[in-house]
There are 2 protein chains.
Amino acid sequence: MVVGDVDAEHADRVFHALADATRRDIVAVVLRGEQSVSDLARRYPMSFAAVHKHVGVLERAGLVTKQRRGREQRVRGNADTLREAHRLLDQLEVVWRQRLDRIDAILADPPEAEPNEGASS
Amino acid sequence: MVVGDVDAEHADRVFHALADATRRDIVAVVLRGEQSVSDLARRYPMSFAAVHKHVGVLERAGLVTKQRRGREQRVRGNADTLREAHRLLDQLEVVWRQRLDRIDAILADPPEAEPNEGASS
DNA sequence: ATCTCCTACAACCATCAGGTTGTAAGTTAG
DNA sequence: CTAACTTACAACCTGATGGTTGTAGGAGAT
């Protein structure tokens, strides 16, 4: 519960996939429009195999899907997984907002003098 | 160039820092309230040194700040960097929305048949 | 059929990540 | 002063990452 859902592994994959500039660029490109892996490979100063691996990482994270189209494989972006990443960030941030709300409440309605919000020793 | 501004390295650090369940949990905890590194270390089934490293990764990504308080070091979350991550996700997604808008525009006001962007219903 | 292009995958290499243990140093408590 | 606690960091190990080259097979084009 503290750490290690099944879902957590998926989150790991999504954020790890996004932690590389080339992969982020690939996501942006294939969201704009489908591309074959070769098309993508031509865009970056590295081998086809390297780009192929990047696409594999993105695919396993669900950020991208592949579909055979004749002899080439069209890669397209999956905005749903991006929105999932947004949701994960929100889950972290929500505790922060709750904390701000709590502080606001204390400031707005001070019951007794207790200006002590952290862990009191 | 196509890939690799200075900003991109920061994005790399932020997403990489988030690509670990323990670190995401630490962020959530310290957003809720300051904790010393030792406090954090007690929460997880690993050594103090390991948690100390995780905090270092989060700190270099700007997701967390440290502040000396006597003999201990209080760790607190930085919601601004989380919002920055949101912004980065948005930057990827915006091209997708633009594409949807473009398709909407075409569907709403069809000048001539111009099937050049792939999506033909 | 042959040639060319696209994809897939394996082997290899250097570096990084995430964990361990051990050690040293600063700070507070007794 | 001494003891306990907290932090910091170095050395080390194992596995994953990110890149390379090479090879092989499937699909279209001529």
Side-chain angles (χ1 to χ4, degrees), chain A residues 2-4 8-27 29-30 33-61 63-76 118-121, chain B residues 1-4 8-27 29-30 34-61 63-76:
Chain A
V2 179
V3 185
E9 292 177 17
H10 183 235
D12 288 0
R13 279 193 293 270
V14 172
F15 284 121
H16 170 252
L18 290 171
D20 180 283
T22 301
R23 288 197 290 260
R24 285 194 300 275
D25 196 73
I26 290 175
V27 169
V29 167
V30 299
E34 289 184 359
Q35 300 275 321
S36 73
V37 183
S38 293
D39 288 341
L40 290 171
R42 271 179 230 110
R43 289 177 170 258
Y44 307 103
M46 64 188 73
S47 66
F48 170 85
V51 174
H52 181 255
K53 280 194 191 176
H54 281 309
V55 172
V57 171
L58 290 169
E59 193 183 15
R60 280 186 289 279
L63 284 162
V64 136
T65 59
K66 286 198 284 190
Q67 186 183 4
R68 277 227 182 78
R69 176 112 178 184
R71 72 176 160 185
E72 55 187 23
Q73 192 99 248
R74 312 304 295 276
V75 182
R76 79 176 64 189
S120 48
S121 50
Chain B
M1 276 292 195
V2 179
V3 186
E9 292 176 18
H10 182 236
D12 288 0
R13 281 192 292 269
V14 172
F15 284 121
H16 170 250
L18 291 170
D20 180 284
T22 301
R23 287 196 291 261
R24 286 193 300 275
D25 196 74
I26 290 175
V27 170
V29 166
V30 299
E34 289 185 359
Q35 301 275 319
S36 74
V37 184
S38 293
D39 289 341
L40 290 172
R42 272 177 229 113
R43 290 177 169 259
Y44 307 102
M46 65 187 74
S47 66
F48 170 85
V51 174
H52 182 256
K53 278 194 192 179
H54 281 309
V55 171
V57 170
L58 290 168
E59 192 184 16
R60 279 187 290 278
L63 283 162
V64 135
T65 59
K66 286 198 284 189
Q67 187 182 2
R68 278 224 185 76
R69 176 112 181 183
R71 74 176 157 184
E72 55 187 25
Q73 193 97 253
R74 312 303 294 276
V75 182
R76 79 175 65 186

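The chains referred to below are lettered A, B, ... by the order of the sequence lines, with proteins before strands, and numbering in each begins at 1.
- Contacts between residues 65-75 of chain A and DNA chain C, defined by a heavy-atom separation below 4.0 Å, involve A:K66, A:R71, A:E72, A:Q73, listed by number.
- For A:R68, the side-chain hydrogen bond (donor to acceptor under 3.5 Å, both in side chains) criterion is met by no residue, not counting sequence neighbours.
- Residues satisfying the side-chain contact (heavy atoms from CB on, under 4.5 Å) test with B:R71, not counting sequence neighbours, are none.
- Here D:dT17 presents its P atom at 15 Å from CG of B:D12, a figure rounded to the nearest Å.
- The interatomic distance linking A:H52 (NE2) with D:dT20 (C1') rounds to 15 Å, in whole Å.
- Every residue meeting the side-chain contact (heavy atoms from CB on, under 4.5 Å) condition with A:S38, not counting sequence neighbours, appears here in chain and number order: A:S36, A:R42, A:F48.
- Residue A:V37 has its side chain nearest to C:dT7 when only D:dT6, C:dT7, D:dA8 are considered.
- Side-chain contact between A:R24 and B:D12 is present, with heavy atoms from C-beta onward closer than 4.5 Å.
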Do nucleotides 19-24 of chain C as a string where each nucleotide becomes B, S or -: B if the base has a protein heavy atom under 4.0 Å, S if just the sugar-phosphate does, - if no protein is that close. BBB---
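- For the OP1/OP2 pair of D:dC5 and a distance below 4.0 Å, the side-chain nitrogens and oxygens of B:S38 include no atom meeting the criterion.
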N/O donor to acceptor pairs below 3.5 angstrom from side-chain atoms of residues 49-61 of chain A, sequence neighbours left out:
unit_1	atom_1	unit_2	atom_2	d
A:H54	ND1	A:R23	NH1	3.1

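- Take A:D20 and apply the salt bridge (charged side-chain N to carboxylate O under 4.0 Å, His left out) test, not counting sequence neighbours, and it matches no residue.
- Between the CD atom of A:E59 and the P atom of C:dT7 there is a distance of 12 Å, rounded to whole Å.
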